[in-house]
2 protein chains.
Amino acid sequence: MVAEPHTSKYPIFAVACDIVTLTLRAGQLCTLLVRRSGSVHTGRWALPGGFVRQDENLEQAAYRELWEEAALGRGDVHLEQLAAYGDVHRDPRDYRVVSVAWVALGADLPNPAPATDVDRAEWVPVEEALQRDLAFDHPQILRDGVERARSKLEYTTIATAFCPASFRIPDLRRVYEAVWGQKLDPRNFQRKALSAAGFIVESGETHHGRGRPSKLYRRGQAEFLTPPISR
Amino acid sequence: MVAEPHTSKYPIFAVACDIVTLTLRAGQLCTLLVRRSGSVHTGRWALPGGFVRQDENLEQAAYRELWEEAALGRGDVHLEQLAAYGDVHRDPRDYRVVSVAWVALGADLPNPAPATDVDRAEWVPVEEALQRDLAFDHPQILRDGVERARSKLEYTTIATAFCPASFRIPDLRRVYEAVWGQKLDPRNFQRKALSAAGFIVESGETHHGRGRPSKLYRRGQAEFLTPPISR
DNA sequence: TGAATAGTGTCTCTTAGACAGTATCAC
DNA sequence: GTGATACTGTCTAAGAGACACTATTCA
C-alpha cells in the first residue's frame, strides 16, 4: 500500500467517514454534533467524522473517529453502516470526497470530549440539529440515519442498544417513544416485548425506585423481532 | 475538479461501483456476471462494475456501468444503493479501492451485450453464482444484495420491479417464490396482494393464455407494503 | 393513606394460515 | 369432456389494539 498510485489510470478520490451518533438524554433523542475548525466550513456544525486512513478498514475509521471525537469505544455503541454519499459537489474542496456514513447507537452517553480538530462538540436534540445549518450534505445524512433507526426499531432488536446492560421494560418503551415521537400503551408494549423470542431476558435482579420494584432485563440473543413491533 | 489534488494531506483512494443485478429467468433468480479481462483477476468471474469517474455522481456511475456492460437503461431497472466495501486488502492492487455496491432489479432482462473490458457476460442462477469463485469480495457483495432483495420483498413494493409494466398476480407470486425459494399459497397471496393499499392496480386489460383469462395489473403508487407479506 | 410506578388480565375485532370449491379458456 | 390456469369463499386460531384492575413501594 502506497500513498501515491503507480498508475494514473483511475480517478483520485478522498474517502471520509461521518457518523450519526444517537442516544437518549432526558428522554429526548439526541445526536452528537461538532463545530468544524478544519480548512472548509470552519465554525459550522457538522457530524463527527474525518478521512479514512490508508491502512485502516472503513469500520476501523468509524470507531477511531468515535473515539477521538467522543471518547466512545467499541463496547459503548452499536455501529452499522448507513450509506455512501459522493455527489460531485458535496465537498467544496477541489477534489472528490466520498463519505461512508455510519449510525452509532448508545445508552445515555457521556458528555463529549472534544478532540484536536473541533472547537466544541455537544449533544443536540435531533429536531434542533435538523434546524441548524449543518455543513456538507450532513442534513441529508442525519435524516437518513434517524430514519434508519426508526425503521429498524420495528423489526430488529436494536432498541436495546439505546439501553445500558441492565434495564427495565418501561425504559425500553421510552426508547421507542423517543425515537418514534409517539406514546405507546405500556400494557400492550410489555406483552409484545416479552412475547418476542430472544428480545430480552430477565437478569434476576430488581430495581428499587419510587414505586413498585421492577424486574431488570438484559438484551437477548435475537437480532430480529418476531413478531415486529409496529409504529 | 481536477485529476490530481492540490494537497497531499489526505490519503488517496480509488472509488469503484459494483452491481448486483437480479432478474427472473425461467422462474429462477439470476444475477449478471462478467468475466474479467482487466489488469487483475483476469479470467475470473465478477460482478459488473468499474471505477467512478471524476465528474459523475455515484448513482450515475452505476447506471453507466449497467449501460456499458448490460445495455440496461434507467427505465429498465430499479436501482438502489447496497453498501460500501473498503477493506484494506479487498483489491490486490497496491492502492486502496473502495467499492460502492448497488442492487438493480429488473423484469426478464435481455441477454447481455458484452462491453469493452469483459470477455463475456452472462446470467447465472444465484445459487450457481455463489458456487463460482468470484473475484474480490464479490461473493460477500452478492450475498448481501440477495439478502437485501429478500428482506425488502416483505415490507416494500419492490417485487413489482421484477415484473414488466403489466403483469398477472400469479406472476407476482412467482417473483416471491423465486426470490424466497419457497412456495406460497396462491389463494392467500392473491388476497394479500389485493388488500395491500397501493401495491397493484388493475390495468383493465386481460391476458389470454392456456386456462381462464387473467386480469392484468400495474404497479401502484405505494412504496411500502401495509400490511407486509411475511416469509 | 395517597401518590407513583410496575405489572397482569380481559375483551373484541382483525388478520393469517389452512383448505375447498368455482370459473373460463384450449384442445 | 379433460386439462390447465385463474379466481373466490370459508373456517379457525392467533394477534393487535383498547381498556381496567391489582401490586408494591415511599412519603
Side-chain angles (χ1 to χ4, degrees), chain A residues 24 26-27 153-155 159-160 163-164 166-178 180 182-218 222 224-231, chain B residues 24 26-27 153-155 159-160 163-164 166-178 180 182-218 222 224-231:
Chain A
L24 251 63
L153 283 199
E154 295 193 48
Y155 58 95
T160 56
C163 296
S166 193
F167 54 88
R168 300 166 291 177
I169 291 185
D171 293 332
L172 190 61
R173 175 169 48 83
R174 282 175 205 111
V175 168
Y176 278 86
E177 291 177 337
W180 285 350
Q182 63 183 229
K183 291 290 179 190
L184 297 177
D185 186 297
R187 300 159 291 192
N188 291 337
F189 182 84
Q190 179 115 358
R191 174 163 37 91
K192 291 182 186 181
L194 287 172
S195 69
F199 187 19
I200 55 176
V201 292
E202 277 190 48
S203 77
E205 301 160 293
T206 54
H207 172 83
H208 291 263
R210 288 185 60 94
R212 172 176 173 172
S214 51
K215 293 181 186 173
L216 290 179
Y217 295 83
R218 299 181 184 283
F224 293 94
L225 267 185
T226 51
I229 295 178
S230 54
R231 261 187 265 201
Chain B
L24 253 62
L153 282 198
E154 296 194 48
Y155 58 95
T160 56
C163 296
S166 192
F167 54 87
R168 299 166 291 176
I169 291 185
D171 293 331
L172 191 60
R173 174 170 47 85
R174 280 174 206 113
V175 168
Y176 278 86
E177 291 177 337
W180 285 351
Q182 64 182 227
K183 289 291 178 190
L184 297 177
D185 185 296
R187 300 159 292 193
N188 291 338
F189 182 84
Q190 179 115 0
R191 174 163 38 93
K192 291 181 186 181
L194 287 172
S195 70
F199 188 17
I200 55 176
V201 291
E202 278 191 49
S203 77
E205 300 160 293
T206 55
H207 172 84
H208 291 263
R210 289 183 60 96
R212 172 176 172 173
S214 51
K215 292 181 187 173
L216 290 179
Y217 295 83
R218 300 180 183 283
F224 293 95
L225 266 185
T226 49
I229 295 178
S230 54
R231 262 187 264 198

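For the numbers below, each heavy atom of this structure counts, side chains included, while hydrogens, waters and symmetry mates do not. Note that the coordinates shown come from a computational prediction; the quantities given were computed from them, not determined experimentally. Throughout, a chain's letter reflects where its sequence line sits, starting with A, and its residues are numbered from 1.
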Base, sugar-phosphate, or nothing: which does B/Pro186 touch, judged by heavy atoms less than 4.0 Å apart?
nothing

From CG of A/Leu184 across to P of D/dC19 the rounded distance in Å is 15 Å

Rounded to whole Å, NE2 of A/His208 lies from C1' of D/dA27 at a distance of 17 Å

Residues B/Thr160 and B/Ile200: closest non-hydrogen pair is CG2-CG2, 4.4 Å

Taken to the nearest whole Å, CG/A/Leu194 to P/D/dA16 is 13 Å

Original post:
Does the base of C/dA20 carry an N or O that pairs as donor and acceptor with the side chain of B/Arg187 under 3.5 Å?
Top reply: yes

message = Side-chain N or O of A/Ser230 versus OP1/OP2 of D/dG17: is the shortest distance under 4.0 Å?
response = yes

Taken to the nearest whole Å, CZ/A/Phe189 to C1'/D/dA16 is 15 Å

Separation of D/dC7 atom C1' from B/Glu202 atom CD, nearest Å, is 12 Å

**Asked** Base, sugar-phosphate, or nothing for B/Arg231, non-hydrogen atoms under 4.0 angstrom?
**Response** nothing

In whole angstroms, the gap separating C1' of C/dA23 from NZ of B/Lys215 amounts to 12 Å

**OP:** Just say parallel, tilted or perpendicular for the rings of B/Phe224 and B/Tyr155, cut-offs at 30° and 60°.
**Re:** parallel

Notebook entry, point to check: Is there side-chain contact between A/Leu172 and A/Phe199, with at least one heavy-atom pair below 4.5 Å?
Noted result: yes

Here the distance between atom P of D/dT8 and atom CG of B/Asp185, to the nearest Å, is 14 Å

Check whether any side-chain nitrogen or oxygen of A/Gln190 sits under 4.0 Å from OP1 or OP2 of C/dA6, and answer yes or no. no

Check: Is there a side-chain contact between A/Ile169 and A/Ser214 (heavy atoms, below 4.5 Å)?
Finding: no

For B/Tyr176 and B/Ala159, the nearest pair of non-hydrogen atoms, with its separation, is CE1-CB, 3.4 Å

In whole angstroms, the gap separating C1' of D/dA6 from CD1 of B/Ile200 amounts to 14 Å

**Asked** Any side-chain N or O of B/Lys192 less than 4.0 Å from the OP1 or OP2 oxygen of C/dT15?
**Response** no

With a 3.5 Å cut-off and heavy atoms only, can you find an N or O donor on one side and an acceptor on the other between the side chain of B/Arg191 and the base of C/dG17?
yes

- [ ] Assess whether one donor atom and one acceptor atom, taken from the side chain of B/Arg210 and the base of D/dA4, lie less than 3.5 Å apart.
- [x] no

Of A/Asn188 and A/Arg212, the one whose closest nucleotide on DNA chain C sits nearer the 5' end is A/Arg212

